[in-house]
Protein chains: 2
Amino acid sequence: MTDFAATRAQFHLPDGIIYLDGNSLGPLPKAAASRVAHAVTEEWGKLLITGWNKAGWMDQPIRLGNRIARLIGAAPGTVVLGDTLSVKVYQALASALEMNPARRVILSDTGNFPSDLYMAEGLCRTLGNGYVLKTVAPEEVEAAIDGTVAVTLITEVDYRTGRRHDMAAITAKAHATGALTVWDLAHSAGALPVDLAGTGADFAVGCTYKYLNSGPGGPAFIYLAPRHADVARPALSGWLGHEAPFAFDLTYRPGGGIERMRVGTPPVLQLAALEASLDIWDGVSMADVRTRSIELTEQFVREVEAACPALVLASPRDPARRGSQISFRHPEGYAIMQALIARGVIGDFRAPDILRFGFTPLYTTHADVTGAARALAEVMANTLWERPEYKMRARVT
Amino acid sequence: MTDFAATRAQFHLPDGIIYLDGNSLGPLPKAAASRVAHAVTEEWGKLLITGWNKAGWMDQPIRLGNRIARLIGAAPGTVVLGDTLSVKVYQALASALEMNPARRVILSDTGNFPSDLYMAEGLCRTLGNGYVLKTVAPEEVEAAIDGTVAVTLITEVDYRTGRRHDMAAITAKAHATGALTVWDLAHSAGALPVDLAGTGADFAVGCTYKYLNSGPGGPAFIYLAPRHADVARPALSGWLGHEAPFAFDLTYRPGGGIERMRVGTPPVLQLAALEASLDIWDGVSMADVRTRSIELTEQFVREVEAACPALVLASPRDPARRGSQISFRHPEGYAIMQALIARGVIGDFRAPDILRFGFTPLYTTHADVTGAARALAEVMANTLWERPEYKMRARVT
């Protein structure tokens, strides 16, 4: 069994705060401070350029990719770190379209994170030639996959409500109709068990600064199914994806396997923070994470619904159909969240009316859940959110 | 006058080392260690998600872009940080091609850094429709700009030899024939005065980990001429380039001005290191940097040529025609560089036969130049490079 008291002890969690926003930015692993400081002063400071070899900077995106692979049901050598999630969405989509040249439709849904849609839109505009992004309601995705669809672009877990798509069913339907799949695991990786190999997913992308706790601006990752590894051609064909980056050839030749999905120089300091976080993850069973996640979210739903009748559950009631977050709706959601934050409970707000709470078993406790539910009940019972100071703050998360 | 003794004192330079590889990875600014540690423990650790506002993370790419703008002759509000240089090359090229829709040629030269060529090649393949990357010899660029060229993609300073293109002349020729320009400033920014506004450059991109000393994997920057700011449409249309990222609209609308060239979440820890480096740059005159750069490079050429007749100058002899590096050719260049590194003089090697030395006035001294030239003379006089241990090492820089 995973010892969640032990994992919690490895994070810096400020006193007086109940942090339920790890689905937006995970907290600081205690070891990250010294790991990053080491990368700065001992590696960059002392090794200078030789750090690329001597400190292993050049291999870091593959090495850490292998450690993430275990958490998402992927084989070693199929995941690499780099760039932002949006860039990796583009990279995966462009490759998938090129592999399915007779078709012109990227299928996504209106519950997807907007940046994924924007990147797909930008790619279609760049491609011209009749390429289109088609979006349907989340519940219509599976039925909408037909012989026109080149690739599906689906975020497994909805960033607002936590609603979870059936990755196995959608992937099977896509393959049955000759489409490829790009899965966005932003709210899945580290949140629940993912089985990329088992479901046969073609591409997947995800970020590391949410449930994987790599810190603000930590790099994204991309997964490429081994069967496509020598077929997919990256549109973002950067030198570190070249077969021989240091030969400085004038013509691009993609590297072997997942290496070809690399683009430019890896963000060494951000990766150092991720490495410290993955040290915590290495001992963790995703099955245990899921069990505890369901306990925590069920408890929160129960306690909030008992105390706050004005809040409407926005997440699926069936825990099997959601990720590791719980959202409630209220027309004054923004101000309610500000009032709650003022009481030390950190969740976040998503327009137009969503109060969002992430439950992250590595450090969230049952006492946190009770404390958060009580604070929310206090805000609602006393309409504390009507105070003017909670109405107009800038919102950034 | 810039006080270069004072700027040197602000870097951590390991004892016993003469570091002439700042054109590949700049050394650690002493203040970067505490600045990064602050970002990790005080900002990420204590502010958690609120750091995006309270610590100014969200505005950091624009704020630091404005400080780089001064160094490259650009107006405030025209430069933004983010992604890798390769990704920014793609972003700039795709925008330029869309702005010049009747033409199909990206013109570059064989002296360009290969990743720029690879990204252009990938973009052309993605676009189809007859788009091609045409490369000519560096000295033929200006003549090759004709009415077929949509955009030129030129790195001002050659990464191997330091040869410098005439930005004003090439830009003028491009504009006269109806082409746009993308300038890669990888070996220019912080190396020599650049006048983006004065030359009328359309787009520029560059990296921060070379002469700007932001550390391994520091983000790239992109410049967009103000006259194009509401015209250029980013192909990599990520959410942070959206007019209202936190409205979470389903449709992309580009933000105003340079904001639209943002893509995803900024790398906060890397940017913290860059910020510390820019504190040093803020007091520095690029004209003074250039004067001293020429003194240092002229001294190195003189001393090496006097002592090492077997080394052939690969850089232009006229300092006006080169950047801030000096390269020599020798068939055994790789082994020679290894022997030199073993003596504490850090330059690097570029295939097939280039010994490369960067001169970075913020911290390189005349004594460094003499020391390096003497060590090189010793290696050459005693053919120390013939030792087997110098022949076969892995090469990564």
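Quick caveat, the model's predicted, so the values are computed rather than measured.
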TODO: Measure the acute angle between the ring planes of A:F248 and B:Y159, then classify it against the limits of 30° and 60° as parallel, tilted or perpendicular.
DONE: tilted
TODO: Pick one of side chain, backbone, both or neither for A:R160, based on which atoms fall under 4.5 Å of a heavy atom in chain B.
DONE: neither
Task: pair B:W239-A:L85: side-chain heavy atoms closer than 4.5 Å - done: no
Open item on the list: Let's go through B:D83 and A:D83 carefully: what are the C-alpha distance in whole Å and the side-chain angles of both, what is the deciding distance for side-chain contact (heavy atoms from CB on, under 4.5 Å) to 0.1 Å, and is it a yes or a no?
Closed with: CA-CA 6 Å; B:D83 304 304; A:D83 304 304; 5.6 Å; no
Task: B:V263 and A:M119, any side-chain heavy atoms less than 4.5 Å apart - done: yes
Task: Closest non-hydrogen atom pair, A:T84 against B:T265 - done: CG2-O, 3.7 Å
TODO: Identify which part of B:S34 has an atom lying under 4.5 Å from any heavy atom of chain A, answering side chain, backbone, both or neither.
DONE: neither
Open item on the list: Tell me which of these, B:G264, B:A120, B:S115, has more heavy-atom pairs under 4.5 Å with chain A than the rest.
Closed with: B:S115
Open item on the list: Quick check: closest heavy atoms across B:W44 and A:A273, and the distance to 0.1 Å?
Closed with: CZ3-CB, 4.0 Å
- [ ] Flag the one option from B:P245, B:A272, B:S214 with the top tally of heavy-atom pairs under 4.5 Å to chain A.
- [x] B:S214
Open item on the list: Just so I know, are the side chains of A:P27 and B:L48 near enough to count as touching, which here means a heavy-atom distance under 4.5 Å?
Closed with: yes
Task: Heavy-atom proximity to chain A below 4.5 Å, by part of B:Q270 - done: both
- [ ] Please assess B:T251 against A:Y118 for the test side-chain contact (heavy atoms from CB on, under 4.5 Å), listing each intermediate value before the final yes or no.
- [x] CA-CA 7 Å; B:T251 302; A:Y118 303 160; 5.6 Å; no
TODO: Indicate the atoms forming the closest heavy-atom contact of B:E121 with A:Y252, along with that distance.
DONE: OE1-N, 3.2 Å
Open item on the list: Centre-to-centre under 6.0 Å for B:Y90 and A:Y90, is that the case here?
Closed with: yes
TODO: Nearest 0.5 Å please: distance from the CG atom of A:D116 over to the CG atom of B:L250.
DONE: 11.5 Å
Open item on the list: Tell me the closest heavy-atom pair linking A:L28 and B:T41, and the distance in Å.
Closed with: CD2-CA, 4.0 Å
TODO: Heavy atoms only: give me the nearest B:A247-A:A351 pair and the separation to one decimal.
DONE: O-CB, 4.4 Å
TODO: Select one option (side chain, backbone, both, neither) describing which atoms of A:A235 are under 4.5 Å from chain B's heavy atoms.
DONE: both
Open item on the list: Tell me the closest heavy-atom pair linking B:G45 and A:P14, and the distance in Å.
Closed with: O-CG, 3.5 Å
Task: Working for side-chain contact (heavy atoms from CB on, under 4.5 Å), residues A:L25 and B:W57 - done: CA-CA 13 Å; A:L25 178 68; B:W57 296 341; 3.8 Å; yes
